[in-house]
Amino acid sequence: MKTKALLAIAILALALNSFAQETEKRFGFELSGGASFATSELGGANLQAGFGAEAILHYRFMPYTGIYAGWGYSAFSAENSFAGANIDFEETGYVFGLQFKHPVGMSPVSYYVRAGGLYNHIEIENEDGETTGDTGHGLGWQAAVGVDVALGRNWSLTPGMKFNSLSHEVTIENVTTQLDLNYLQLRIGILKKF
């Protein structure tokens with residue numbers, strides 16, 4: 001009789017565990033943004049603090065591991081640069097990568113670590129908003145860390161920081177300049193799981 005009872009408890013525990021895993025949401029959509037700070041000069045230009053935003057879709061394929069992909073934007077300005085005075089530099093394009101997210105004990109907080117790639121370009125705009133140069137899309141990389149604070153009903157806040165690195169050349173009036181855009185962004189986001 002004890003064997004049947006233990007077997008029934010084991011089957012019930014496995015069934016409840018499977019049910020619990022099935023109710024965990026595998027997809028998520030996150031919007032985030034924040035202040036960006038260049039860590040080096042861009043083609044000799046000293047960049048002022050800027051702003052950036054991302055919209056990414058998450059898919060969790062293992063309990064703590066998933067992939068992400070989306071679109072990102074960051075903008076900086078420089079009073080003086082190789083492209084003239086009062087120039088804006090805008091990085092736009094696609095992000096993709098791998099994410100590891102793990103809960104902190106029994107709390108509603110998880111930490112995450114992301115590593116991925118960029119397929120972005122840098123546009124150069126004058127003070128009239130006209131595009132005067134474009135690097136064309138190319139590969140770069142991204143790394144990010146942060147926390148996921150559950151708010152209930154599959155919503156979370158996702159404060160953190162990321163580092164982007166992108167290197168391309170731009171040609172303006174037959175002069176080619178190497179652009180190495182490296183920056184740290186302090187960001188906060190909102191995530192909806194579904």
Side-chain angles (χ1 to χ4, degrees), residues 14 16-40 47 49-76 89-123 135-168 179-194:
L14 285 172
L16 289 175
N17 187 35
S18 296
F19 178 73
Q21 288 179 355
E22 287 176 10
T23 61
E24 288 182 32
K25 307 298 184 188
R26 290 192 175 270
F27 288 93
F29 180 73
E30 180 180 9
L31 290 174
S32 65
S36 300
F37 304 94
T39 59
S40 61
L47 299 178
F51 177 81
E54 276 185 351
I56 57 177
L57 181 66
H58 301 264
Y59 174 69
R60 182 181 53 80
F61 60 86
M62 291 177 59
Y64 305 120
T65 308
I67 56 175
Y68 67 93
W71 180 85
Y73 166 87
S74 286
F76 299 90
F89 296 91
E90 296 182 357
E91 174 207 27
T92 57
Y94 308 98
V95 297
F96 54 90
L98 192 64
Q99 173 178 279
F100 177 80
K101 182 164 51 172
H102 196 277
V104 178
M106 299 299 289
S107 74
V109 177
S110 298
Y111 68 89
Y112 66 83
V113 177
R114 295 177 186 159
L118 306 170
Y119 186 65
N120 290 1
H121 69 126
I122 301 169
E123 287 183 343
T135 64
H137 280 80
L139 293 174
W141 62 272
Q142 174 184 88
V145 296
V147 295
D148 180 309
V149 181
L151 300 175
R153 293 189 180 225
N154 298 314
W155 289 92
S156 298
L157 280 179
T158 57
M161 64 179 151
K162 72 173 185 174
F163 182 82
N164 276 16
S165 180
L166 186 66
S167 294
H168 294 307
L179 301 182
D180 297 317
L181 181 58
N182 299 301
Y183 65 91
L184 181 68
Q185 184 181 83
L186 303 177
R187 52 183 290 283
I188 187 157
I190 186 92
L191 170 67
K192 170 65 174 168
K193 299 173 196 158
F194 56 95

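Atom CG in L57 sits 11.0 Å away from atom OH in Y59 (nearest 0.5 Å). The line from OH of Y119 to NE2 of H137 is 6.5 Å long, rounded to the nearest 0.5 Å. A distance of 10.0 Å separates OG1 in T39 from CG in D180, rounded to the nearest 0.5 Å. Considering CD1 of I67 and CD1 of I56, their distance stands at 11.5 Å, rounded to 0.5 Å. Rounding to the nearest 0.5 Å gives a distance of 7.0 Å between OG1 of T135 and CG of L179. From S167, atom OG reaches atom CD1 of I122 across 8.0 Å, with rounding to the nearest 0.5 Å.
For the residue pair T158 and D148, no side-chain donor N or O sits within less than 3.5 Å of a side-chain acceptor on the partner. Between the side chains of Q142 and E54, a donor-acceptor pair is found at a separation under 3.5 Å.
Ring geometry for Y68 against H58 counts as tilted: the plane angle lies between 30° and 60°, on a 0 to 90° scale. Taking the six-membered ring where the residue is Trp, F194 and F27 present parallel rings, their angle staying beneath 30° rather than reaching 60°.
The shortest non-hydrogen separation linking S36 to G52 is OG-N, 3.7 Å. Nearest heavy-atom pair, K162 versus A144, reported as atom, atom and distance to 0.1 Å: CB-CB, 3.7 Å. Nearest heavy-atom pair, G34 versus F51, reported as atom, atom and distance to 0.1 Å: O-CD1, 3.2 Å. The minimum heavy-atom distance linking L166 with G138 is given by the pair CD1-O, 3.8 Å.
Counting only heavy atoms from C-beta outward, the side chains of K192 and W155 approach each other to under 4.5 Å. Two residues are said to be in side-chain contact when any heavy atoms from C-beta on lie closer than 4.5 Å; L191 and N154 fail this criterion. Using a 4.5 Å cut-off on side-chain heavy atoms (C-beta onward), I190 and S156 make no contact.
Atom OH of Y94 sits in a sparse spot, with 12 or fewer heavy atoms from other residues, nucleotides or ligands closer than 6.0 Å.
Under the ring-ring contact (aromatic ring centres under 6.0 Å, His included) test applied with Y183, the options F37, F163, F76 reduce to a single match, F76. Applying side chain to side chain contact (heavy atoms under 4.5 Å, CB included) to N164 and the options L181, N182, L118, L184 leaves one that passes, L118.
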Pair Y64-K101, side chain to side chain contact (heavy atoms under 4.5 Å, CB included): steps then yes or no: CA-CA 5 Å; Y64 305 120; K101 182 164 51 172; 5.8 Å; no
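Residues passing the side-chain contact (heavy atoms from CB on, under 4.5 Å) test with Y73 are W71, A75, E90, T92, sequence neighbours excluded. Taking T65 as the reference, nothing meets the side-chain hydrogen bond (donor to acceptor under 3.5 Å, both in side chains) condition, with sequence neighbours excluded.
Note on residues 104-117: pairs passing side-chain hydrogen bond (donor to acceptor under 3.5 Å, both in side chains), not counting sequence neighbours, are E30-R114, Q99-R114, Y112-R187.
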